[in-house]
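Everything below concerns the one structure shown next.
Labels below follow one simple rule: chain letters A, B, ... track the order of the sequence lines, proteins then strands, and each chain is numbered from 1.
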Protein chains: 2
Amino acid sequence: MIQSDRALACCAPLAREPMTADQAEQVSGLLKAIADPVRLRLMSMILSHQGGEACVCDLNDAFDLSQPTISHHLKVLHQAGLLDREKRGTWVYYKAKPEALSAMNTLFATAGRQPS
Amino acid sequence: MIQSDRALACCAPLAREPMTADQAEQVSGLLKAIADPVRLRLMSMILSHQGGEACVCDLNDAFDLSQPTISHHLKVLHQAGLLDREKRGTWVYYKAKPEALSAMNTLFATAGRQPS
DNA sequence: CGTCTATATTGACACAGGCCGATATACGGT
DNA sequence: ACCGTATATCGGCCTGTGTCAATATAGACG
């Protein structure tokens with residue numbers, strides 16, 4: 001049900017040429033997912049954790065929010081294609097998808113001009 | 001009234017260490033501003049335009065939206081610190097701020113591991 | 001000064017989305 | 001089978017935001 005694998009692929013630098021409406025729709029999906037303080041912290045925690053993954057149980061405790069709320073945010077990140085989900089026994093581990101990061105990185109590449 | 005000059009400065013890579021709540025709040029301001037399909041296209045159009053700037057009159061015509069709506073989106077981008085505004089005669093030109101782009105670029109830097 | 005054009009502001013509306021409590025599901029241990 | 005723990009889903013509330021029509025502001029030009 002992950003929706004934006006296309007978005008992960010389609011990211012030319014913003015400055016390269018005007019985006020089409022469709023591209024913008026795709027990419028904004030990714031960005032909306034990460035443009036939230038809680039989800040930013042979640043991504044940051046997961047990314048900077050050992051192996052780029054973390055257990056939900058650890059993440060819950062780091063916030064002053066209810067467990068369902070954290071679960072909701074993780075779902076948003078997962079559906080956007082930013083996190084992979086893996087269940088190991090009782091626990092669930094979310095893992096950052098490097099492609100997503102590098103897609104964003106490319107999007108904001110400051111190279112106004114490409115060597116063609 | 002530009003609010004997030006601090007945000008432009010404070011962007012360590014997401015993967016470097018867990019963000020604080022304050023940092024996340026700052027950065028999410030930037031990302032929220034650009035996480036909209038119309039604003040993405042606006043940024044892209046401005047960035048890929050000659051000199052990294054464009055006249056509002058050109059931007060209005062590129063969308064199927066009312067003039068006040070485009071004006072609103074430009075204001076959001078300006079207040080977030082992503083665009084500079086300059087009035088020349090009757091026309092207003094918005095210009096991309098390179099620091100903003102490179103801040104985002106750094107934020108999503110894919111350097112998971114630092115040589116310690 | 002009056003008028004035309006370019007851009008911004010205001011007010012209203014509809015919809016999206018963050019949050020919680022309650023509840024459901026799934027798994028491990030006894 | 002039962003219970004406790006970990007995570008997800010549901011329903012509802014409330015705030016935030018994208019959009020428009022109407023109006024305001026500001027500059028250019030006669």
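For B:His73 and D:dT19, the shortest distance from a side-chain N or O to OP1 or OP2 is below 4.0 Å. A:Tyr94 has no side-chain polar atom (N or O) that falls below the 4.0 Å cut-off from OP1 or OP2 of D:dA6. Taking 4.0 angstrom as the limit, A:Thr90 places none of its side-chain polar atoms (N or O) nearer than this to OP1 or OP2 of D:dA6. A:Arg85 has a side-chain polar atom (N or O) that falls below the 4.0 Å cut-off from OP1 or OP2 of D:dA8. In terms of phosphate contacts, B:Thr69 brings a side-chain nitrogen or oxygen within less than 4.0 Å of OP1 or OP2 of D:dC20. Between B:Arg88 and the phosphate of D:dG27, there is no side-chain N or O to OP1/OP2 separation shorter than 4.0 Å. Applying the 4.0 Å criterion to OP1 and OP2 of C:dG18, one finds that A:Arg39 has a side-chain N or O inside that range.
Per the geometry, CG belonging to B:Leu59 stands 14 Å off P belonging to C:dA6, to the nearest Å. Summarising the geometry, the separation between CG on B:Asn60 and P on C:dA6 is reported as 10 Å, rounded to the nearest angstrom. Rounded to whole Å, the distance from CG on A:Leu74 to P on D:dT9 is 11 Å. Distance B:Phe63 CZ to D:dG18 C1': 14 Å, rounded to the nearest Å. Between the CG atom of A:Leu31 and the P atom of D:dT17 there is a distance of 16 Å, rounded to whole Å. Nucleotide C:dA8 holds its C1' atom 12 Å from the CD atom of B:Gln79, rounded to whole Å. Across the protein-nucleic acid pair, B:Lys87 atom NZ and C:dA8 atom P stand 8 Å apart, rounded to whole Å. Note: CG (B:Leu77) to P (D:dG18) measures 10 Å, nearest angstrom.
Heavy-atom nearest nucleotides on DNA chain C were determined for B:Cys55 and for A:Ala35, and the one closer to the 5' end corresponds to B:Cys55. The nearest heavy atom of DNA chain D to A:Lys32 and to A:Val56 marks one nucleotide each, and the one closer to the 5' end goes with A:Val56. Heavy-atom distances to DNA chain D give each of A:Trp91 and A:His72 a nearest nucleotide, and the one nearer the 5′ end belongs to A:Trp91.
Between A:Thr106 and A:Pro13 there is a side-chain heavy-atom pair separated by less than 4.5 Å. Under the 4.5 Å side-chain criterion, counting only non-hydrogen atoms from C-beta, A:Leu82 is not in contact with A:Tyr94.
With A:Ser28 contributing its side chain and B:Ala35 its backbone, the two residues share no donor-acceptor pair below 3.5 Å.
Rounding to the nearest 0.5 angstrom, the gap separating the CG atom in B:Leu14 from the CG atom in A:Leu42 is 11.0 Å. In this structure, the separation between CD on A:Glu17 and CE on B:Met45 is 12.0 Å, given to the nearest 0.5 Å.
In this structure, B:Leu65 reaches the sugar-phosphate backbone alone: every heavy-atom distance under 4.0 Å involves primed, P, OP1 or OP2 atoms, never a base. Across all strands shown, B:Tyr93 has no heavy atoms under 4.0 Å from either base or sugar-phosphate atoms.
Cation-pi geometry between A:Arg88 and A:Tyr93 is satisfied (NZ or CZ under 6.0 Å from the ring centre, within 45° of the ring normal).
A donor N or O paired with an acceptor N or O is not found under 3.5 Å between the base of C:dA6 and the side-chain atoms of B:Gln67.
Across D:dT7, D:dG18, D:dT9, the shortest atom-to-atom separation from the side chain of A:Lys75 is found for D:dT9.
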